[in-house]
Amino acid sequence: MKFIDEETARAIIGNAEAFTAVEAVFAGMARGYARNFPVVREAIGHADALYGFKSGFDKSTMTLGVKAGGYWPHNTELGLTNHQSTVCLFDPDSGQPTAIVSGNHLTAMRTAAACAVSIQHLARADAKTLGIVGAGHQAAFQLRAAAAQREFERVVAWNRSANKLDGLADVALELGLAFESVTRDQLCEQADVIVTITSCHEALLDISQIRPGTHLACMGTDTAGKQEIDHRILAGARVFSDEPIQSAQIGECQHAVNAGTLNVEDIVPLGRVIIREHSGRTADTDITVFDGTGVGLQDLAVARRVVELSA
Ligand code: NAD
């Protein structure tokens, strides 16, 4: 059995590999070859921790496994990351474990990859300005993966505390992109693609701010009650997600579904666009929204790729 620690996983997986793995598993889900199993998430009654499992099986790549882990809010005091996870892969023929892969860096990479896949398949071809809302741990990962999907020239970003944007500015510089800290109004006026990656519980972007042609990748909302954009944006947009039912329950779509302005049947799995079963964006004036809530199969797909690359 292989054991791949955090440092090794970090060294092995790049954005291109994560992109290919996530795009393929979204396609597998759309074709009905790959299935996520019900998520378990529980408060363990110790250290204020939330712990759970995300699992699934992709028959097209014979990837069976589980990501176990969760959120330990006091880890920062111990010098550790609050989010902790480990992926265990199994032989689908026998059930025997084949690999244990540290999942912290992989989670960040697969989340950034999902956003990048949405940009590749849904953003306007001539997108030049990338907008980032948020500057936490995940934001730089999103920026790196998103930047590779179009010939972007500049990055405009907003964060609740503007002084936290320095890290994103450094990444933009490294990627050869101009960077500007802007207001939310300016961001929506200028950005062709907007990535939201916050843990906010109220709409940060209003429907009046969103221009025709914008692609929004909403990546922060992964729990009931969280919200990043005005739910009315979804009613007038083409809406895509990794997993529509999950999006309607814990994603950005929950608010529009609860308000009765969006039906779960109208949320299109991004995989259907990837396999060309759905046209995706149909005009340069369409507003497209990708609601990425994160599914276990993404974790298994990148973990499998790490195992392959480590061979
Ligand atoms: P983080 O704690 O490092 O950063 C949080 C960010 O949210 C910061 O930029 C902060 O300023 C912003 N924020 C929080 N409350 C806000 C408010 N009220 N108004 C404006 N901004 C606010 O978190 P992170 O690791 O960067 O993750 C960001 C979000 O993405 C989290 O909600 C996390 O759960 C989610 N996430 C989603 C996936 C997925 O697959 N969709 C995967 C990983 C993380």
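The first residue of the sequence shown is numbered 1, and numbering continues consecutively from there. Order of appearance sets the numbers: ligands from 1, and atoms from 1 within every ligand.
Between Val289 and the options Ser241, Ser118, Cys218, a side chain to side chain contact (heavy atoms under 4.5 Å, CB included) holds for only Cys218.
Of the possible polar contacts, one joining the Thr107 side chain to the Gly103 backbone as a donor-acceptor pair under 3.5 Å is found. A donor-acceptor contact shorter than 3.5 Å is absent between the side chain of Arg154 and the backbone of Glu180.
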Stepwise side chain to side chain contact (heavy atoms under 4.5 Å, CB included) check, Gln209 with Asp185: CA-CA 6 Å; Gln209 295 172 303; Asp185 275 336; 2.7 Å; yes
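Annotation: side-chain contact (heavy atoms from CB on, under 4.5 Å) contacts of Val39 (sequence neighbours excluded): Lys54, Gln246.
Outside the 6.0 Å centre-distance limit, the rings of His121 and Phe240 are not counted as a close aromatic pair.
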Between ligand 1 and the protein, give all atom pairs where both partners are nitrogen or oxygen and the distance is under 3.5 Å, as lines of names plus distance to 0.1 Å.
{"residue": "ligand 1", "atom": "3 (O)", "partner": "His137", "partner atom": "N", "Å": "2.8"}
{"residue": "ligand 1", "atom": "7 (O)", "partner": "Ser199", "partner atom": "N", "Å": "3.1"}
{"residue": "ligand 1", "atom": "9 (O)", "partner": "Ala135", "partner atom": "N", "Å": "2.9"}
{"residue": "ligand 1", "atom": "9 (O)", "partner": "Gly136", "partner atom": "N", "Å": "3.3"}
{"residue": "ligand 1", "atom": "9 (O)", "partner": "Asn159", "partner atom": "OD1", "Å": "2.7"}
{"residue": "ligand 1", "atom": "11 (O)", "partner": "Asn159", "partner atom": "OD1", "Å": "3.2"}
{"residue": "ligand 1", "atom": "15 (N)", "partner": "Arg160", "partner atom": "NH1", "Å": "3.4"}
{"residue": "ligand 1", "atom": "26 (O)", "partner": "His137", "partner atom": "N", "Å": "3.1"}
{"residue": "ligand 1", "atom": "26 (O)", "partner": "Gln138", "partner atom": "N", "Å": "2.9"}
{"residue": "ligand 1", "atom": "32 (O)", "partner": "Thr198", "partner atom": "O", "Å": "3.3"}
{"residue": "ligand 1", "atom": "32 (O)", "partner": "Gly220", "partner atom": "O", "Å": "3.1"}
{"residue": "ligand 1", "atom": "32 (O)", "partner": "Lys226", "partner atom": "NZ", "Å": "2.7"}
{"residue": "ligand 1", "atom": "34 (O)", "partner": "Asp222", "partner atom": "OD1", "Å": "3.3"}
{"residue": "ligand 1", "atom": "34 (O)", "partner": "Asp222", "partner atom": "OD2", "Å": "2.9"}
{"residue": "ligand 1", "atom": "34 (O)", "partner": "Lys226", "partner atom": "NZ", "Å": "2.9"}
{"residue": "ligand 1", "atom": "36 (N)", "partner": "Asp222", "partner atom": "OD2", "Å": "3.4"}
{"residue": "ligand 1", "atom": "40 (O)", "partner": "Arg110", "partner atom": "NH1", "Å": "2.8"}
{"residue": "ligand 1", "atom": "41 (N)", "partner": "Met219", "partner atom": "O", "Å": "2.9"}
{"residue": "ligand 1", "atom": "41 (N)", "partner": "Gly292", "partner atom": "O", "Å": "2.8"}

